[in-house]
**Student:** 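My questions all concern the structure below.
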There are 2 protein chains.
Amino acid sequence: MKDDGEEHGESARRGPTSADKVLAVLSLFSAERPVWSPEGAARRLRVSLATGYRYFNTLVAAGMLEKLHRNRYVLGPAIVELDRKVRAADPVLKLAQPVMERLLRRLREPAAILLCRYYRQKVMCIHQETNRSGEPVSSYERGTLQPMFRGATSKVILAHLPPRIIVNLWRDHRREIAATGMGPSFEDFKAALRALRREPVNVATSEVDEGRTGIAAPIFDANGRVNGSLSIVLLSPPAGTRAVARLAIAVQAAAREIERSRGVTSDKGSKK
Amino acid sequence: MKDDGEEHGESARRGPTSADKVLAVLSLFSAERPVWSPEGAARRLRVSLATGYRYFNTLVAAGMLEKLHRNRYVLGPAIVELDRKVRAADPVLKLAQPVMERLLRRLREPAAILLCRYYRQKVMCIHQETNRSGEPVSSYERGTLQPMFRGATSKVILAHLPPRIIVNLWRDHRREIAATGMGPSFEDFKAALRALRREPVNVATSEVDEGRTGIAAPIFDANGRVNGSLSIVLLSPPAGTRAVARLAIAVQAAAREIERSRGVTSDKGSKK
DNA sequence: ACCTATTTATCACATTGTGAGAATTAGGCG
DNA sequence: CGCCTAATTCTCACAATGTGATAAATAGGT
């Protein structure tokens, strides 16, 4: 499977490589099931018990897994270390963070600012800033995924995705798309996207967290492709149309600011 | 190499496995060199160019790498997703975070609270809370490593590490230990550790960040082993001995609080 | 539409990953 | 303190697959 839902799986003459299966162990771990044993993983991956132990040992050696107890392994500290490197290397994050802080400081009401991006037919949160430390304003924190068709943050990205990906999304999520009202046919879907594209921001309520309202603007890269989105999430419904309009202008301005400062550290730089 | 500096490498009859080398690609990426090409990695890992491409492809397929451009790959979104799972699954973090927030709220001065743990002969920051959003109080953020012998946060953990690990540390870092004044001999080192252990907290200045003072207390697990440390980092030198004493009591209390609430979600729970 | 650097495919060979089972270790419980 | 069983490693033989060298194809930039 490629980075989006390409390749229906036609000419795959060779099976998954050994390293593929070792890496597949990592994706067994989830919030619901954060602890695995070599035995359980071996059964799940259809390999022998001995191989299960071998996989776990190489992952432990790499720090990607950690032995908690006898038969209990969890995701390891190497992941924490790697994520630090991801943060340090992410140019968009580096540019966006101060902008997000400034935007948040202008808001009086309880709110969160989100920076998100496309990833494998979903949208992932890259960073969240909030002005409420106690109760979380949004559950949509770094590393969390949301479906492509729910929430302002997702939809504003969806609207600007390149046609190739749109086709794949339609192919793989027809049912879900229809359920969210973007029409039963591909033409309806494209029309819905065109409509979304006409608005500079997207506003949606209770699509990610109950009672929360998201106001999202797209962020484009130097080539005019969507890079992600910037959103304001409000704890309580906004006072009125004027309040929403004010916030919509603010997110847009912030998104433009991120785009503007982009040029400096852009990837189009030195080629060799 | 095991999880600390064990195994001098004596009976390793088999070389590194394929998956080992694929995972080794990830550790090439660093803050100084966050972008790699299959060619560069292949040269570095002493494999052919074709194999370099193969490794990169399996890592991209797993989302652990992402193709930025033609010849430029960076660490990928799967790492961000995995780190989210690590955070969600970490019982210590879950217990500590509210305690850290409460502790921070009691402080008037610019400060940060750190939660750290032992990892491969170093100490890694797991979480930081700070009351200064603009300028960072401490550079020691999540995923960052510090040497075992510098900083209050590290030393308070070092003091309580099990003998086996202490021996390995001495074996692998004799030079560095001597440089930090913990004596030229192993006996001196052990004496220094005993002295550290006598104090309930450790205080150190300018050992991690210039001008910052750290005040750290150990956190023990249900079996009495060091699990990590909790630290207050002050932006400016503390007013006087009384101020330090007050803060020392506060971190200790917070550490005890984390230990107390531990019982509920401890790993000693349900066995099968 | 070119042109070159990048990336994939081909293929033959040997390395090594694999499963089954034996041997060992380690932890919990009496 | 030492058993006892589950967990983990070891051994080994075999075939699968990872590998390098080279050719073919692809994709970006000009």
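Just so we're on the same page: letters track the sequence lines, and every chain starts at 1.
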**Student:** Within the 4.0 Å limit for protein heavy atoms, which parts of nucleotides 16-27 of chain C are touched? Write it as a string from 5' to 3', B for base, S for sugar-phosphate only, - for none.
**Tutor:** SBBB------BS

**Student:** Give the rounded distance in Å between these two atoms: CZ of Arg43(A) and C1' of dA7(D).
**Tutor:**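 Arg43(A) atom CZ is separated from dA7(D) atom C1' by 14 Å.
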
**Student:** Whole angstrom is fine here: how far is it from CG in Asp20(B) over to P in dT19(D)?
**Tutor:**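 Atom CG in Asp20(B) sits about 11 Å away from atom P in dT19(D).
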
**Student:** Identify each donor-acceptor pair in which a side-chain atom of residues 55-63 of chain B lies under 3.5 Å from a protein atom, sequence neighbours left out, and give them as a table.
**Tutor:**
unit_1	atom_1	unit_2	atom_2	d
Asn57(B)	ND2	Tyr53(B)	O	3.3
Thr58(B)	OG1	Tyr55(B)	O	3.1

**Student:** For Arg256(B), give me all partners under salt bridge (charged side-chain N to carboxylate O under 4.0 Å, His left out), at least two apart in sequence or on another chain.
**Tutor:**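 Listed in chain order: Glu259(B).
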
**Student:** Return the value, rounded to whole Å, for the distance between atom CG of Leu59(B) and atom P of dG18(D).
**Tutor:** 14 Å

**Student:** Per the salt bridge (charged side-chain N to carboxylate O under 4.0 Å, His left out) rule, what does the pair list look like for residues 62-71 of chain A, sequence neighbours excluded?
**Tutor:**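 Checked against salt bridge (charged side-chain N to carboxylate O under 4.0 Å, His left out) - neighbours excluded - the pairs reaching residues 62-71 of chain A are Glu66(A)-Arg117(B).
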
**Student:** According to the salt bridge (charged side-chain N to carboxylate O under 4.0 Å, His left out) rule, which pairs have a member within residues 28-42 of chain B, sequence neighbours left out?
**Tutor:**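 As it turns out, the salt bridge (charged side-chain N to carboxylate O under 4.0 Å, His left out) pairs with a partner in residues 28-42 of chain B, which skip direct neighbours, are Glu39(B)-Arg43(B).
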
**Student:** Where each residue is assigned the nucleotide of DNA chain D containing its nearest heavy atom, which of Lys67(B) and Tyr53(A) is assigned the position nearer the 5′ end?
**Tutor:** Tyr53(A)

**Student:** Verify the contact: side-chain N or O of Asn57(B) to OP1 or OP2 of dT8(C), cut-off strictly under 4.0 Å; return yes or no.
**Tutor:** yes

**Student:** Atom OH of Tyr73(A) to atom P of dA7(D): distance rounded to whole Å?
**Tutor:** 11 Å

**Student:** If the cut-off is 4.0 Å, is Asn71(B) near the phosphate of dG28(D), judged by side-chain N/O to OP1 or OP2?
**Tutor:**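 Answer is no, no contact under 4.0 Å.
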
**Student:** Would you say CZ of Arg197(A) has more than 12 non-hydrogen atoms from neighbouring residues, nucleotides or ligands within 6.0 angstrom?
**Tutor:** yes

**Student:** Name every donor-acceptor pair, under 3.5 Å, that has one atom in a side chain of residues 73-81 of chain A and the other anywhere in the protein, sequence neighbours excluded.
**Tutor:**
none

